[in-house]
Amino acid sequence: MPLKVYNSYSRQKEIFTAITPGHAGMYVCGPTVSGESHLGHARPYITFDFIYRYLVFKGYKVRYVRNITDAGHFEEEGRVAEDKVTKKALLEKLEPMELVQKYTNLFHWAMLQFNCIEPGIEPTATGHIVEQLNMIEKIIAEGYGYEVNGSVYFDVKKYAATHDYGKLSGRIIDDLLETTRELDGQEEKRDKADFALWKSAAPEHIMRWKSPWGDGYPGWHIECSAMATKYLGARFDIHGGGMDLLFPHHESEIAQSTICNHHSPARYWIHNNMITVNGRKMGKSYNNQIKLTEMFSGNHPLLTQPFDPMTIRFFILQSHYRSPIDFSSEALQASEKAMKRLWEAYEVLKKLAIGNGVPAIDMELDKKIVQLVNELEEFMDDDFSTAKVLANLFELAPIINSIKDGHIPTGAVSTDTLQLLKSSFKIYLEDILGLKSSTANDNSALDGVLQLLIDIRKEAKAKKDYATSDKVRNQLLSLGIALKDEKDGSSTWNFE
RNA sequence: GGUCCUGUGGCCGAGUGGCUAGGCAAAGCUCUGCAAAAGCUUCUACACCAGUUCGAAUCUGGUCGGGACCUCCA
């Protein structure tokens, strides 16, 4: 079954074919580490994580490159203006690398919480100034870049005369030329649609590098072009990022790379939609962002409780990556319960003893299970329909629970089908969707202690001493541990 | 203003013209010392108006609403 992906460039689903068979190169626009990541930032990284995981599942050797934007016009947020005395103290001074390191670390920590596989290469913009300068010089040499007062701009009008500038973002070049905006350095540009390749640094800019045109810093778009070219080549398979990057970022990347490498960079452009709050995009300008640390702690006016990173991942997986998701505490709560139920069915399935070579008695049920399982790959092949994958897994959950409860008799389903079910849950839930148990209970000492308590409670119950049995259960519950009495008389426990 | 996307049951959300996605919530039942969990059952919606079609949530046109981008933006 071929994988189909929606290509933003052609605005339709296309069959994915790799440039080099068996290999896939994927570049994803990474975070700008001048501040803390918020919920909206989590979406692309989770989206491209399951895309990466799925490509691996389909047998590709994937080179996954995601940059760290650590260069540009940076200011530390919330920093109070220093007085002249403290400004002189060396340790009080804002050290750019310190700022960037702080938020890079925080970003990595958050990605770990979300169970995102780290990219194979995570290049930083500051580590690739030379490559960017080379690229800018090449663009100038080709006649598409010009220098004004130490800044270098890309000549969009000239490019658009012979190239399709605006195709990716559905922009019409004449409209762009008409837009009137008050922007820094606007008067230096030959044309309003032009964008900066290199910006001359004013004295107060904390990050600056020497260049043929004086001290400055790279334009926003050039880093991705330079690093993608360096690690994936002039032409690679997938370029991804948020929809809000379509214009001007990705449109400009195409223009730069095309001039420099004489080839448009990516074959498939994949863009995830936004996370909104009350229908509004989560972002700085709307002042409605919820930081990831706030999500995890519940410490935010819009949150009624803390949310586990896996709940957030599950929440994102429940809708298609190209649809907007409206955030609400209620929706997250629903996801939390749903994920718990699905995961518990998976735990049941894992413990299910499966024999060998026993055929099915209930052929219809057996067939239904096989069909639901086989559809999983179809859904993922159809532009990564994670929501549909989850829907099928939810349809399988009651079947699993019924097998355990005995509502479905032993032998109704063939052992082959049970094995298929077991391996498929593992592959889709863990390997592809990247979910994991939020609380790993693999502590054998704790398990032993709880088994002891379960035994004591069982003895009390046998003597109809319900006061004692309820005390054990209630006290454990107040500690966040829930006991469940099973049909066969045993009890199991899990963290609430 | 321009370009594009979108409007689904109490809520969240899939939906490729015909075959009630799924989740959460709610109600009833089964199981249980009681719980919890689980299972079964119930709740058949597609903004509005026209059109195309044997048949439209799905296609076309219009009306109204929401949003994204056009500026840093995931």
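Within every chain, numbering begins at 1; the chains are lettered A, B, ... in the order of the sequence lines, protein sequences first and strands thereafter.
A salt bridge links A:D485 with A:R457: at least one charged nitrogen is closer than 4.0 Å to a carboxylate oxygen. Ion pairing between A:E336 and A:K340 fails under the 4.0 Å rule for side-chain N and carboxylate O.
Counting only distance, with no hydrogens or angles, the side chain of A:E294 and the backbone of A:K291 share a donor-acceptor pair below 3.5 Å.
Using a 4.0 Å heavy-atom criterion, one finds that A:I275 contacts the bases of the nucleic acid, with or without backbone contacts as well. Residue A:H320 is in sugar-phosphate contact alone, with no base atom involved, counting any heavy-atom pair closer than 4.0 Å across all strands shown. A:L245 comes within 4.0 angstrom of sugar-phosphate atoms only, judged by non-hydrogen atoms across all strands, and of no base. Base engagement by A:A391 is indicated by at least one non-hydrogen atom pair under 4.0 Å involving a base atom. A:E330 comes within 4.0 angstrom of nothing in the nucleic acid, heavy atoms only. At the heavy-atom level, A:Y286 lies under 4.0 Å from the strands shown only through sugar-phosphate atoms. Backbone-only engagement by A:A338 is indicated by non-hydrogen atom pairs under 4.0 Å involving sugar-phosphate atoms exclusively.
Between the CG atom of A:L332 and the C1' atom of B:C11 there is a distance of 14 Å, given to the nearest Å. The distance between atom CZ of A:F247 and atom P of B:A68, rounded to the nearest whole Å, is 18 Å. Remark: P of B:A74 and NZ of A:K281 are 8 Å apart, rounded to the nearest angstrom. Rounded to a whole Å, the OH atom of A:Y321 is 19 Å from the P atom of B:A74. For the pair A:N288 CG and B:A74 P, the interatomic distance rounds to 13 Å; values are reported in whole Å. The distance from atom CE of A:M274 to atom P of B:C72 is 16 Å, rounded to the nearest whole Å. In this entry the distance linking CZ of A:F327 with C1' of B:C24 reads 16 Å, nearest Å. Rounded to a whole Å, the CZ atom of A:F314 is 12 Å from the C1' atom of B:C12.
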What nitrogen or oxygen pairs link the protein and nucleotides 40-43 of chain B at under 3.5 Å?
none

Expected rows: protein N/O vs nucleotides 32-35 of chain B N/O, under 3.5 Å:
{"from": "B:G33", "atom 1": "O4'", "to": "A:Y466", "atom 2": "OH", "distance (Å)": "3.4"}
{"from": "B:G33", "atom 1": "N9", "to": "A:Y466", "atom 2": "OH", "distance (Å)": "3.4"}
{"from": "B:G33", "atom 1": "N1", "to": "A:D470", "atom 2": "OD1", "distance (Å)": "3.0"}
{"from": "B:G33", "atom 1": "N2", "to": "A:D470", "atom 2": "OD2", "distance (Å)": "3.0"}
{"from": "B:C34", "atom 1": "O2", "to": "A:R473", "atom 2": "NH2", "distance (Å)": "2.8"}
{"from": "B:C34", "atom 1": "N3", "to": "A:R473", "atom 2": "NH1", "distance (Å)": "3.1"}
{"from": "B:C34", "atom 1": "N3", "to": "A:R473", "atom 2": "NH2", "distance (Å)": "3.1"}
{"from": "B:C34", "atom 1": "N4", "to": "A:D485", "atom 2": "OD2", "distance (Å)": "3.1"}
{"from": "B:A35", "atom 1": "N1", "to": "A:D485", "atom 2": "N", "distance (Å)": "3.4"}
{"from": "B:A35", "atom 1": "N3", "to": "A:R473", "atom 2": "NH1", "distance (Å)": "2.8"}

Polar-atom pairs under 3.5 Å, protein N or O versus N or O of nucleotides 25-31 of chain B: list them with distances, or write none.
{"from": "B:A25", "atom 1": "OP1", "to": "A:K337", "atom 2": "NZ", "distance (Å)": "3.1"}

Do any N or O atoms of the protein come closer than 3.5 Å to N or O atoms of nucleotides 3-10 of chain B, and which pairs are they?
{"from": "B:U3", "atom 1": "O2'", "to": "A:G170", "atom 2": "O", "distance (Å)": "2.7"}

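Of all the heavy atoms in A:P306 and A:F296, the pair that sits closest is CB-O, 3.3 Å. Listed here is the closest heavy atom pair of A:H320 and A:A387: N-CB, 4.5 Å. Heavy-atom minimum distance, A:N67 versus A:E223: ND2-OE1, 3.1 Å. For the pair A:N115 and A:R313, the tightest heavy-atom approach, listed with the atom from each and the gap, is O-NH1, 3.5 Å. Heavy atoms only, all atoms of each residue included: A:D194 and A:V156 are closest at OD1-N, 2.9 Å.
Applying the side chain to side chain contact (heavy atoms under 4.5 Å, CB included) rule to A:S478 yields no partners; only residues at least two apart in sequence or on another chain are considered. Taking the side chain to side chain contact (heavy atoms under 4.5 Å, CB included) definition, one finds that A:T276 meets it with A:D326, sequence neighbours left out. Evaluation of the ring-ring contact (aromatic ring centres under 6.0 Å, His included) rule for A:F384 yields no partner, not counting sequence neighbours. Applying the side chain to side chain contact (heavy atoms under 4.5 Å, CB included) rule to A:P324 yields the partners A:N273; only residues at least two apart in sequence or on another chain are considered. A:A391 meets the side chain to side chain contact (heavy atoms under 4.5 Å, CB included) test with no other residue; sequence neighbours excluded.
The C1' atoms of B:G17 and B:C59 are separated by 8 Å, rounded to the nearest whole Å. Comparing the C1' positions of B:G9 and B:U71 gives a spacing of 40 Å, expressed to the nearest Å. For the C1' atoms, the distance from B:U44 to B:G51 is 26 Å, rounded to whole Å. Taking atom C1' on both B:A47 and B:U8, the two are 10 Å apart, rounded to the nearest angstrom. Comparing B:U30 with B:G66, their P atoms sit 49 Å apart, to the nearest whole Å.
For A:P248, the side-chain atoms get nearest to B:C70 when compared with the rest of B:G22, B:A74, B:C70. Taking the side chain of A:A387 as heavy atoms from C-beta on, and the options B:C12, B:A14, B:A74, the nearest nucleotide is B:A14. Comparing B:G23, B:G13, B:A74 by their nearest atom to the side chain of A:Q318 picks out B:G23.
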>> Run A:E14 and A:K4 through side-chain contact (heavy atoms from CB on, under 4.5 Å) and show every step you take.
In response: CA-CA 5 Å; A:E14 296 175 18; A:K4 279 191 289 178; over 6 Å; no
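Stem analysis of RNA chain B (at least three stacked-register Watson-Crick or G-U pairs, each with both distances under 3.5 Å) gives B:1-7 with B:64-70, B:10-12 with B:22-24, B:26-30 with B:38-42, B:47-51 with B:59-63.
Applying the side chain to side chain donor-acceptor pair (under 3.5 Å) test to every pair with at least one member in residues 372-383 of chain A, sequence neighbours left out, gives these pairs: A:K13-A:D382, A:Y54-A:D381, A:K58-A:E377, A:K58-A:D381, A:Y321-A:D383, A:R322-A:D383, A:Q371-A:E375, A:E375-A:N392. Listed by first then second residue, pairs satisfying salt bridge (Lys or Arg N to Asp or Glu O under 4.0 Å) with a partner in residues 386-398 of chain A number zero, not counting sequence neighbours.
For the ring pair (Phe, Tyr, Trp, His ring centres under 6.0 Å) with A:F195, the qualifying choice from A:F247, A:Y153, A:Y159, A:F154 is A:F154, the only one to do so. Checked against A:Y268 for a ring pair (Phe, Tyr, Trp, His ring centres under 6.0 Å), the options A:Y6, A:F16, A:F236, A:Y27 give a single hit: A:F16.
Between A:N401 and A:M282, the residue whose closest nucleotide on RNA chain B is further toward the 5' end is A:N401. If you find the closest nucleotide of RNA chain B to A:Q333 and to A:S323, the one lying nearer the 5' end belongs to A:S323.
Regarding contacts with the backbone of B:G23, a side-chain N or O of A:R341 is found under 4.0 angstrom from either OP1 or OP2.
A donor-acceptor contact under 3.5 angstrom links the side chains of A:T468 and A:D465, judged on distance only.
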